[in-house]
Amino acid sequence: MCGIVGYAGREEPQDILLAGLEKLEYRGYDSAGIAVVNEEGLQIRKAVGPLANLRKAIGRERLGGKAGIGHTRWATHGAPSTANAHPHIDMDGTLAVVHNGTIENYAEKKEALLAEGVRFRSDTDTEVAVMLLAKHYRETRDLKTAMDRTTAELKGTYVLVAVAAQEPDRIVAHRRNAPLIAARGKGFNLLASDFSAVLKYAKDVYLIENGDTVVVTPEEITIYDEQDRLVKRELMHIGWDAEAAEKGGFPHFMLKEIHEQPRVLEETVTACLSDHGQVRLEGITFTREELNALHKICIVACGTAYHAGLVGKYVIEKLARIPVDVDVASEFRYRDPFIDEKTLFIAISQSGETADTLEALREAKRKGARILSIVNVVGSSVARESEQVFYTHAGPEIAVASTKAYTTQLASLYLLALYLAEVKGVIAPEEYEDYVRELRALPDKADETLRCAAAVEALARDYYDRDQVFYIGRGLDSALAYEGSLKLKEISYISSFAIAAGEMKHGTIAIMEPRTIVLALATQDRLLEKMISNIQEVKARNAHIIAFTKETNPHMAEQAHEVIFLPVCRDELMPLLAIIPLQLYAYYVARNRGCEIDKPRNLAKSVTVE
């Protein structure tokens, strides 16, 4: 959610901090600020609203110095305001802290500090951390030792990063269940909450582990583990090009990422298929005996990844013949789920840092389940805490509303289902070969599907002003409906609902009316007749129907008011194609409504707090 960047080096930090924060804007934020240590002490500049407001507040001023920290805030404690924006300082103005996450025992610590005469300026939990840090700094006169003592008293999920006026070229940070990396440059070093903030300057990074404290100076990066032992972490080279995170001529990152889907699908599928057409998943190994011993698979995720899991359940059960439960991560561990060593737990997360998914994973691990994750970011927390990892090859996804991450997650689940089915020996060779053949063809079919963009744009132009939209479908189309609906509400703020078409008669049909838009997903051949009946039920209530179906169903034009025809593939694989026009519809509706597409209100790209 919030974004952090830190710099210690030979150059002035100001421009590097602001450039790093700019790369973190996609995560969502309501205010921003920087702290620089120069010869006069701490210099703090912050502003509410977009980063442009912070740049305006700084103007032509040069803050100097050799070390600094920056932050983009997404409010959890206290409304957006200059007082609540980061960095926060102690009462003497000699220490500054930026913080991601939440401090769960802040109220208790704040009460104790108030009793000691500490005065607070904000409503944040972060200010409690800086005041506690200042107390320990007065005792130790060493920022690293003060950080150790402070974090020993705090509970929660957080990263704290601090600078001190008396230590002008030093940054100290601590990680507790929230993402943090340190990047090594030439004559400088960096800290950040996300790879994108450092790629312009450095590609060799250390993944800071849970419980680590890291000290960054212009010359070195020093890491201490939870027991305060000096440790050496493996240096990892990031292969992403910084230009991959740029818009590449598209007006928005979301549209660029929609159009990248044929390429990333090809990369994901190709990486998992041998020259002989066998599914080979690097780092994932099961024996037939292990799979036969499984009682069930449990897929856990949030938001878009959860919707991918709903499709995964259908496909894994159909192909591998293993029962699958799908859970929302934020609910999973609070219902005391029945899982044990005979459960395969699959976590799905684009960032690999989703707090609820991480906690669900840890709960499953405590109960003895085998852990497999499907993630996009190499070295992320979910990946590091899993026994086996399936990387999705989506590349950096900047827009808050996920598109290419979803399609690569679907492709990964199809490949995993095929792999499990083959190892278990429950799929006929000819059926296996047919699936592989169709998977290979999907990138070209996705490219063909993108040709519907003009037709979808025209529909969005005609109906963008409708305030009630329904998505209906049967079978896999009902799972797809949830993702299509989420895309629309995320970026256009329309009240959008998804429902299994057969459920409409059980209440929902009561609110159908003439101006209601119904997006009817009809891509499942074996359910087509029943879906047509549902379309007629809606049509009889004078709702306006836009249907999405295979090009082999031309008679759909007689059933719906408008139809988007899609390339043909197996029913099970249709969600990978049918989601594309739904993503485009959401995009064009939002654009017509004048919405901020890449950074929708109240949302963040990576949800790192519960």
Side-chain angles (χ1 to χ4, degrees), residues 1-2 4 6 30-38 40-48 67-168 170-178 180 191 213-215 228 609:
M1 284 186 169
C2 305
I4 284 175
D30 53 57
S31 56
I34 62 172
V36 170
V37 186
N38 64 18
E40 296 177 9
L42 271 180
Q43 303 297 319
I44 309 293
R45 303 291 184 272
K46 48 189 182 177
V48 176
I69 54 178
H71 189 270
T72 53
R73 176 180 186 259
W74 192 90
T76 57
H77 293 75
S81 69
T82 305
N84 288 333
H86 297 217
H88 289 283
I89 59 173
D90 67 324
M91 287 196 298
D92 298 331
T94 58
L95 292 173
V97 166
V98 294
H99 161 225
N100 282 2
T102 55
I103 297 169
E104 294 173 0
N105 62 336
Y106 85 97
E108 167 197 333
K109 293 298 177 183
K110 185 172 184 176
E111 187 176 345
L113 288 165
L114 285 168
E116 294 172 13
V118 173
R119 298 186 304 279
F120 289 85
R121 305 178 183 90
S122 77
D123 302 315
T124 68
D125 53 344
T126 309
E127 199 177 8
V128 172
V130 74
M131 296 304 182
L132 195 56
L133 183 71
K135 175 183 175 181
H136 292 305
Y137 191 72
R138 287 192 296 271
E139 298 165 355
T140 65
R141 310 314 298 174
D142 179 77
L143 189 56
K144 192 266 178 184
T145 306
M147 178 67 78
D148 290 340
R149 294 186 181 183
T150 298
T151 55
E153 294 189 44
L154 299 178
K155 298 177 183 177
T157 298
Y158 58 83
V159 163
L160 292 178
V161 184
V163 290
Q166 289 79 14
E167 301 180 36
R170 199 175 188 217
I171 305 171
V172 178
H174 181 83
R175 178 189 175 217
R176 177 69 59 190
N177 297 325
L180 183 67
L191 279 170
T213 299
V214 56
V215 179
D228 200 31
V609 296

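Model, not experiment: these values are computed from the prediction.
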State, yes or no, whether a side-chain contact exists between Ile171 and Val161 at a heavy-atom distance under 4.5 Å.
yes

Provide the closest heavy-atom pair for Ala67 versus Pro168 in the form atom of the first, atom of the second, distance.
CB-O, 3.4 Å

Point-to-point distance, once rounded to the nearest 0.5 Å, from NZ of Lys46 to NE2 of His86:
8.0 Å

Verify side-chain contact (heavy atoms from CB on, under 4.5 Å) between Val128 and Phe120, making sure each step is shown before the conclusion.
CA-CA 8 Å; Val128 172; Phe120 289 85; 4.0 Å; yes

Contact summary for Ala129 and Thr150, nearest pair of heavy atoms:
O-CG2, 3.9 Å

Distance check, rounded to the nearest 0.5 Å: Thr126 atom OG1 versus Asn84 atom CG?
9.0 Å

Side chains of Val172 and Thr213 in contact at under 4.5 Å (non-hydrogen atoms):
yes

Between Asp92 (side chain) and Thr94 (backbone), is there a donor-acceptor pair under 3.5 Å?
no

Could you measure the distance from the CD1 atom of Ile34 to the CD1 atom of Ile69? Nearest 0.5 Å is fine.
10.0 Å

If I compare all heavy atoms of Ser122 with all of Ala83, which pair ends up nearest, and what's the gap?
CB-O, 3.3 Å

Salt bridge (Lys or Arg N to Asp or Glu O under 4.0 Å) contacts in which one or both residues fall within residues 120-131, not counting sequence neighbours:
none

Which value, rounded to the nearest 0.5 Å, describes the distance between Ile89 atom CD1 and Leu95 atom CG?
9.5 Å

Between Gly41 and Ala165, which heavy-atom pair has the shortest distance, and what is it?
CA-CB, 4.1 Å

Tell me, do Asn100 and Leu160 make a side-chain contact under 4.5 Å, heavy atoms counted?
no

Hey, does Val48 have a side-chain heavy atom less than 4.5 Å from the side chain of Asp30?
no

Apply side-chain hydrogen bond (donor to acceptor under 3.5 Å, both in side chains) to Glu111 and list each qualifying residue two or more places apart in sequence or on a separate chain.
none

Listing request: all ring pair (Phe, Tyr, Trp, His ring centres under 6.0 Å) pairs with a residue in residues 133-156, at least two apart in sequence or in separate chains.
none

Less than 4.5 Å apart, any side-chain heavy atom of Thr124 and any of His88?
yes

Ala96 versus Ala35, closest heavy-atom pair with distance
CB-CB, 3.8 Å

List in chain and number order the residues that pass salt bridge (Lys or Arg N to Asp or Glu O under 4.0 Å) with Asp90, two or more places apart in sequence or in another chain; answer none if no residue qualifies.
none

Measure the spacing between OG1 of Thr82 and CZ of Arg45 and express it to the nearest 0.5 Å.
13.0 Å

Contacts of Lys144 that satisfy salt bridge (Lys or Arg N to Asp or Glu O under 4.0 Å) - sequence neighbours left out
Asp148, Asp228

Stepwise side-chain contact (heavy atoms from CB on, under 4.5 Å) check, Leu42 with Val163
CA-CA 9 Å; Leu42 271 180; Val163 290; 3.9 Å; yes

Should Leu132 and Arg149 count as side-chain neighbours, where that means a heavy-atom distance under 4.5 Å?
no

Parallel, tilted or perpendicular, judged at 30° and 60°: which one describes the rings of Tyr158 and His99?
perpendicular

Walk me through it: do Val159 and His174 pass the test side-chain contact (heavy atoms from CB on, under 4.5 Å)?
CA-CA 6 Å; Val159 163; His174 181 83; over 6 Å; no

Measuring from Leu143:CG to Leu133:CG, what's the distance to the nearest 0.5 Å?
6.0 Å

Which pairs, with at least one residue in residues 155-167 and sequence neighbours excluded, count as a salt bridge (Lys or Arg N to Asp or Glu O under 4.0 Å)?
Glu167-Arg170

